[in-house]
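Below you'll find the structure, written out as structure tokens, and then a few comments.
In what follows, chains carry the letters A, B, and so on, assigned in the order in which the sequence lines appear, proteins first and then strands, with residues in each chain numbered from 1. Remember, predicted model here, so these are calculated numbers, not experimental data.
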Amino acid sequence: MSVAVPLEKLTASQKKAVLHKEGPLLVLAGPGSGKTRVITCRIAALIESGVRPYHICAITFTNKAAEEMRSRGEASGCRGVWISTFHSLCVRLLRQYAEQAGIKPSFTIYDSGDQLRCMKEAVAACQVDSGSFSPSRMLEFVSRLKNNLEDADSFKAATFDHFGKTAAKVYASYQQILARNNALDFDDLLVKTALLLRNNAQVRTELSNRFQYLLIDEYQDTNHAQYQIARLLAQTHGNICVTGDPDQSIYRWRGADIGNILAFEKDWPKSVVVKLEENFRSCGKILACADKLIGSNTRRKVKQLIATRPEGSDVEFLVADDENAEARLLTDRIQKQIAAGVDPGQIAAFYRVNSMSRPIEEAFIRARIPYQVVRGVEFYARKEIQDFLSYLKLIANPVDDLAFMRAIATHSRGIGKTSVDRLTQFAKDSGMSLLAAADYADHLTSVSSSTRTRIREFAKMIQKFQQDSSGEVAPQMDCVFAETGYADALKNEANTDAIENINELINAAAEYDREAENPSLLDYLQSIALYSDTDAYDAGTSRTSLMTMHAAKGLEFDHVYIAGLEEGLLPHERSVHSPDDLEEERRLFFVGITRARDSLTVTYARHRVLRGQFIRSTPSQFLYEVGFGGEKVSFEEDSYGIEEQEPMINPSSSTPKAGMFKVGEVVIHNTFGTGRVKEFLDLGPDSIVVVQFQSGKTKSLMVKYANLTRAGK
DNA sequence: CATAGCCGCCTTTTT
DNA sequence: GGCGGCTATG
């Protein structure tokens with residue numbers, strides 16, 4: 001079957017990347033360079049040249065991106081190509097080769113909450129000082145070791161200080177707990193797969209024969225384990241194509257190693273390098289802003305950003321008094337745009353931390369702007385969802401003690417904390433899982449006989465569910481919800497929200513049943529564990545999107561707003577002490593900026609309620625770097641005094657010069673029309689003027705960008 | 001055994 | 001400001 005590859009629509013360098021067939025290929029692609037298109041075209045071209053889809057494996061950064069690529073690919077006849085994230089690929093391989101990997105295929109994937117619970121247990125079991133060895137700190141430490149494929153034993157052998165020895169002990173204990181529960185954490189998915197490929201030549205050969213062509217997107221954000229998986233898969237044939245942009249690496253904090261992409265040519269000596277430097281997305285001025293910003297990063301390969309679109313309008317910088325005023329500023333603008341015929345779905349607002357969505361949402365609701373908050377995991381994090389899922393997890397993986405504990409405590413069933421504690425002790429002494437121990441509860445003499453019966457009944461109920469746990473998921477969920485008594489318990493509480501949420505979950509599972517090739521409870525649970533925020537983004541709806549800049553990776557919008565350009569927020573306070581972290585924050589802002597096609601507006605609030613505290617903020621250093629706000633001198637000149645003050649009004653502008661405005665003067669702005677100057681903040685070339693326009697709206701504008709003209713001139 | 005209320009803890013980004 | 005864990009009480 002022939003696949004049409006629209007080569008005539010591609011640039012010379014894109015064509016080169018698409019058509020390069022054998023051997024390693026590095027595509028260094030700037031933002032908006034049509035990288036995704038290159039990948040889909042390349043897959044099509046491979047198939048056209050006779051490669052079977054079955055032999056192609058494309059790895060994307062998010063499930064959403066995989067889904068999109070699948071649907072685009074299907075249009076051009078790429079059915080049969082394996083397209084997924086690294087994590088999904090690992091789940092699939094670990095299930096297929098569970099025995100060789102030394103695990104059971106029914107494993108549960110532990111999320112960060114589960115991980116913390118296990119780590120708490122590990123720290124407690126090791127009887128170490130929980131002050132300097134706090135579970136969260138240990139988790140972070142262990143995760144870093146895992147990312148580097150270092151196991152507890154080898155780390156123990158290589159370390160000599162007290163901290164290292166203790167951490168090694170905790171690490172080993174943590175792994176033991178996971179193994180006991182037949183559970184893998186996010187890191188384990190990668191680690192186990194990498195080790196499987198490394199240690200088992202048979203599996204490695206089989207898989208490199210299966211995946212003869214490997215394509216990896218967003219390669220700048222791969223960690224060491226992912227790097228090893230890619231290398232081991234492609235080692236024999238060398239048909240590895242990676243694409244990425246070192247300037248868009250924003251996951252260093254979770255182990256991503258920018259060195260992977262920088263060293264690609266060294267790793268694969270015969271590699272061909274294609275640079276995609278043209279930007280087809282953003283207008284010239286937006287791109288210039290991005291270029292200026294990223295130019296402040298020192299640890300980078302300098303790359304050109306070539307605009308192909310017209311200059312467009314200026315990047316706007318708006319100042320608000322607090323986060324609510326900032327939100328109003330956004331809604332005012334967006335409302336106007338929508339009124340002028342802009343599709344709300346082509347507008348997005350980004351921020352650094354999820355908690356910043358709230359004031360914006362409130363303002364959007366008041367202004368009746370249709371919106372979506374791109375935060376998928378929020379739903380799955382709800383108490384009732386987690387409670388309900390714990391039953392399903394226990395059914396799919398009977399040795400999951402965490403799921404048992406959660407499930408048995410979802411509602412009062414006459415089994416209280418003391419009884420569960422006794423059962424835990426009993427299970428521990430006899431080396432059984434909690435469910436097995438519960439089934440054996442007749443021998444649990446430490447609790448009353450009526451409690452014993454209730455515990456045994458609980459076990460019997462779970463076992464009954466296990467017997468018919470194959471096939472479609474939604475019917476099983478209905479059954480579990482009703483028969484466990486959880487539905488009744490929620491009804492008695494009149495918790496209609498919770499019931500609705502669970503019904504929504506079951507509806508989503510029905511959707512899964514329809515779409516999955518081979519639906520099963522296990523597969524369903526493993527796939528929702530890998531669900532991410534970005535997956536919640538619905539491109540098809542006419543709603544303005546709110547999301548973190550991390551979630552915005554890979555997306556684009558006509559009109560972009562970025563809020564909270566303040567020191568401590570962007571860059572985040574946890575990043576300002578390390579130059580590397582600071583550069584990552586800059587890249588994050590860079591990613592945000594380069595999502596915009598036609599217009600970009602950045603905002604800054606002078607005050608903000610953060611963690612319940614009202615604080616004064618200073619403008620982000622990044623604003624100065626892109627040319628807003630002038631020299632840092634203006635920090636001192638600012639009126640952050642004892643009392644809250646209005647910006648200084650310059651009283652001495654009797655002879656108005658260009659760039660100077662008097663309070664009361666009438667001015668004209670290209671988009672806002674005529675207005676009267678309310679305030680003038682003299683910051684030299686970066687002066688800010690506050691104008692009340694005839695529409696009634698008051699705007700803070702940078703004089704040099706606002707392009708104001710005096711009335712009557 | 002269950003519940004309510006209080007205290008103290010953390011609080012960036014996410015697969 | 002929000003959640004989890006602890007305690008006191010019914």
- [ ] For DNA chain B, find the residues of residues 526-536 of chain A with a heavy-atom distance under 4.0 Å and give them by number; none if there aren't any.
- [x] A:Ser532, A:Asp533, A:Thr534

Task: Strand contacts (DNA chain B) in residues 217-225 of chain A, 4.0 angstrom heavy-atom criterion - done: none

Touch class at under 4.0 angstrom, heavy-atom based, for [X] against every strand present:
{"X": "A:Ile415", "answer": "sugar-phosphate"}
{"X": "A:Arg358", "answer": "sugar-phosphate"}
{"X": "A:Thr418", "answer": "sugar-phosphate"}

Holding to side-chain hydrogen bond (donor to acceptor under 3.5 Å, both in side chains), I want the full list of residues that pass it with [X], two or more places apart in sequence or in another chain.
{"X": "A:Thr603", "result": "A:Glu326"}
{"X": "A:Arg231", "result": "A:Gln228"}
{"X": "A:Thr601", "result": "none"}
{"X": "A:Thr60", "result": "none"}

Open item on the list: Is there, by distance only and without an angle test, a donor paired with an acceptor across the side chain of A:Arg352 and the base of B:dT13 below 3.5 Å?
Closed with: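 Yes, the side chain and the base share a sub-3.5 Å donor-acceptor pair.
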
Collect all protein-nucleotide pairs involving nucleotides 3-8 of chain C in which both atoms are nitrogen or oxygen and the distance is under 3.5 Å.
none

Task: ring centroid sep under 5.5 Å plus plane angle under 30, A:Tyr251 with B:dT13 - done: no

Could you pull out every donor-acceptor pair under 3.5 Å between side chains of residues 376-386 of chain A and any protein atom, sequence neighbours left out?
residue, atom, partner, partner atom, Å
A:Lys383, NZ, A:Asp387, OD2, 2.9
A:Glu384, OE2, A:Asn501, ND2, 2.7
A:Gln386, NE2, A:Tyr380, O, 2.9

[X] vs [N]: side-chain N/O to OP1/OP2 distance below 4.0 Å:
{"X": "A:Asn354", "N": "B:dT13", "result": "yes"}
{"X": "A:Ser412", "N": "B:dT3", "result": "yes"}
{"X": "A:Arg252", "N": "B:dT13", "result": "no"}
{"X": "A:Ser575", "N": "B:dT12", "result": "no"}

Open item on the list: Treating primed atoms plus P, OP1 and OP2 as sugar-phosphate and everything else as base, which nucleotides of nucleotides 5-10 of chain B get B, S or - for protein heavy atoms under 4.0 Å?
Closed with: ------

- [ ] Take A:Thr36 and A:Asp217 through the side-chain hydrogen bond (donor to acceptor under 3.5 Å, both in side chains) test and state the conclusion after the steps.
- [x] CA-CA 8 Å; A:Thr36 320; A:Asp217 195 12; 4.9 Å; no

Name each donor-acceptor pair under 3.5 Å that joins a side chain in residues 138-145 of chain A to protein atoms two or more places apart or in another chain, with its distance.
residue, atom, partner, partner atom, Å
A:Ser143, OG, A:Asp187, OD2, 2.8

TODO: Please identify each residue that fulfils side-chain contact (heavy atoms from CB on, under 4.5 Å) with A:Ala58, with sequence neighbours left out.
DONE: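 Partners of A:Ala58 under the side-chain contact (heavy atoms from CB on, under 4.5 Å) test: A:Ile43, A:Met69, A:Ile83, A:Leu215.
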
- [ ] Not counting sequence neighbours, which residues clear side-chain contact (heavy atoms from CB on, under 4.5 Å) with A:Thr424? List them please.
- [x]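 With sequence neighbours excluded, A:Thr424 shows a side-chain contact (heavy atoms from CB on, under 4.5 Å) to A:Met405, A:Val420, A:Leu434, given in chain and number order.
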
